[in-house]
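In what follows, chains are A, B, ... by sequence order, proteins preceding strands, each numbered from 1.
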Amino acid sequence: MSDFGERVLDVVETVPRGRVVTYGLIADLLGEGGPRQVGRVMATDGPAVTWWRVVRANGTLPPHLMTDAQLHWREERTPVVRGHVDLRRALWNPRDP
DNA sequence: CGTGTGACTGGGC
DNA sequence: GGCCCAGCCACAC
């Protein structure tokens with residue numbers, strides 16, 4: 001696993017229950033790579049972490065993940081509107097807390 | 001070394 | 001909301 005990959009997973013681990021971050025936000029926070037590199041990390045190592053707390057800029061995930069993700073979102077009381085995460089309420093900025 | 005690909009994004013219509 | 005497109009960059013052929 002690359003150092004970049006470990007830093008991505010570290011950020012994911014800091015996201016609280018019921019909140020989410022976007023691919024682009026993680027890339028900005030790390031100041032390296034980009035959304036696609038973050039996506040590549042999630043594709044290979046996502047299953048090892050709370051992957052459903054990382055979503056696209058519009059609150060969705062690729063189709064094959066939506067079903068499982070929605071179960072987790074419901075269990076965590078993550079703000080969801082019409083099947084996708086309501087980013088205006090659920091987005092968590094790691095710099096804020 | 002060129003090309004295609006993908007858990008992406010922002011802009012334009 | 002949708003579709004298209006350029007930009008993105010590591011990786012596999």
Side-chain angles (χ1 to χ4, degrees):
Chain A
M1 160 96 84
S2 66
D3 286 351
F4 175 70
E6 293 185 359
R7 285 191 280 277
V8 169
L9 298 186
D10 283 346
V11 174
V12 176
E13 295 280 274
T14 69
V15 183
R17 277 176 67 88
R19 309 300 296 283
V20 300
V21 290
T22 66
Y23 295 90
L25 186 55
I26 293 177
D28 283 348
L29 185 68
L30 295 178
E32 58 182 327
R36 307 201 77 133
Q37 281 62 262
V38 174
R40 189 174 60 78
V41 172
M42 293 309 288
T44 60
D45 303 292
V49 296
T50 54
W51 56 266
W52 58 91
R53 294 178 189 163
V54 183
V55 302
R56 290 175 173 161
N58 65 359
T60 69
L61 281 174
H64 68 285
L65 295 173
M66 288 301 283
T67 306
D68 277 333
Q70 283 172 1
L71 292 177
H72 286 288
W73 294 335
R74 203 171 86 148
E75 190 277 329
E76 293 189 355
R77 297 281 190 261
T78 305
V80 170
V81 185
R82 292 188 301 280
H84 68 268
V85 175
D86 181 0
L87 284 181
R88 295 200 302 183
R89 291 195 293 157
L91 185 62
W92 181 70
N93 189 312
R95 299 185 198 270
D96 278 343

Close side-chain approach of A:I26 and A:P35, heavy atoms under 4.5 Å: no
If you compare all heavy atoms of A:L61 against all heavy atoms of A:W51, which two are closest, and at what distance to 0.1 Å? CD1-CZ3, 4.0 Å
If we only count heavy atoms from C-beta on, is the A:F4 to A:L30 side-chain gap below 4.5 Å? yes
Sub-4.0 Å heavy-atom contacts from residues 65-82 of chain A onto DNA chain C, ordered by number: none
Covered region of DNA chain B, 5' end to 3' end, by chain A [heavy atoms, under 4.0 Å]: B:dG6 to B:dG10
Show me, pair by pair, the donor-acceptor contacts under 3.5 angstrom made by side chains of residues 38-50 of chain A, not counting sequence neighbours?
from  : atom 1 : to    : atom 2 : distance (Å)
A:T44 : OG1    : A:R40 : O      : 3.3
A:T44 : OG1    : A:V41 : O      : 3.1

Correct closest heavy-atom pair for A:T78 and A:G18 would be OG1-CA, 3.4 Å
Segment of DNA chain C, first to last nucleotide, that comes within the 4.0 Å heavy-atom reach of chain A: C:dG7 to C:dC11
Side-chain polar contacts of residues 79-89 of chain A - donor-acceptor pairs under 3.5 angstrom, sequence neighbours left out - could you list them?
from  : atom 1 : to    : atom 2 : distance (Å)
A:H84 : ND1    : A:V81 : O      : 3.2
A:D86 : OD1    : A:R88 : N      : 3.2
A:D86 : OD2    : A:R89 : NE     : 3.2

Please enumerate all residues that pass side-chain hydrogen bond (donor to acceptor under 3.5 Å, both in side chains) together with A:W52, with sequence neighbours excluded. A:E76
Considering residues at least two apart in sequence or located in another chain, which fulfil the side-chain hydrogen bond (donor to acceptor under 3.5 Å, both in side chains) criterion with A:D3? none
Mind jotting down which residue pairs meet the side-chain hydrogen bond (donor to acceptor under 3.5 Å, both in side chains) criterion with at least one end in residues 7-34 of chain A? Sequence neighbours excluded, please. A:R7-A:E32, A:R17-A:E75
Pairs flagged by side-chain hydrogen bond (donor to acceptor under 3.5 Å, both in side chains) wherever residues 61-70 of chain A is involved - sequence neighbours left out: none
Can you confirm whether A:V21 sits close enough to A:R53 that some side-chain heavy atom of one is under 4.5 Å from a side-chain heavy atom of the other? no
Integer angstrom distance from the P of C:dC13 to that of B:dA7: 16 Å
Do A:T60 and A:V55 make a side-chain contact, defined as non-hydrogen atoms from C-beta onward lying under 4.5 Å apart? no
Within residues 26-57 of chain A: residues closer than 4.0 Å to DNA chain C (heavy atoms): A:R36, A:Q37, A:R40
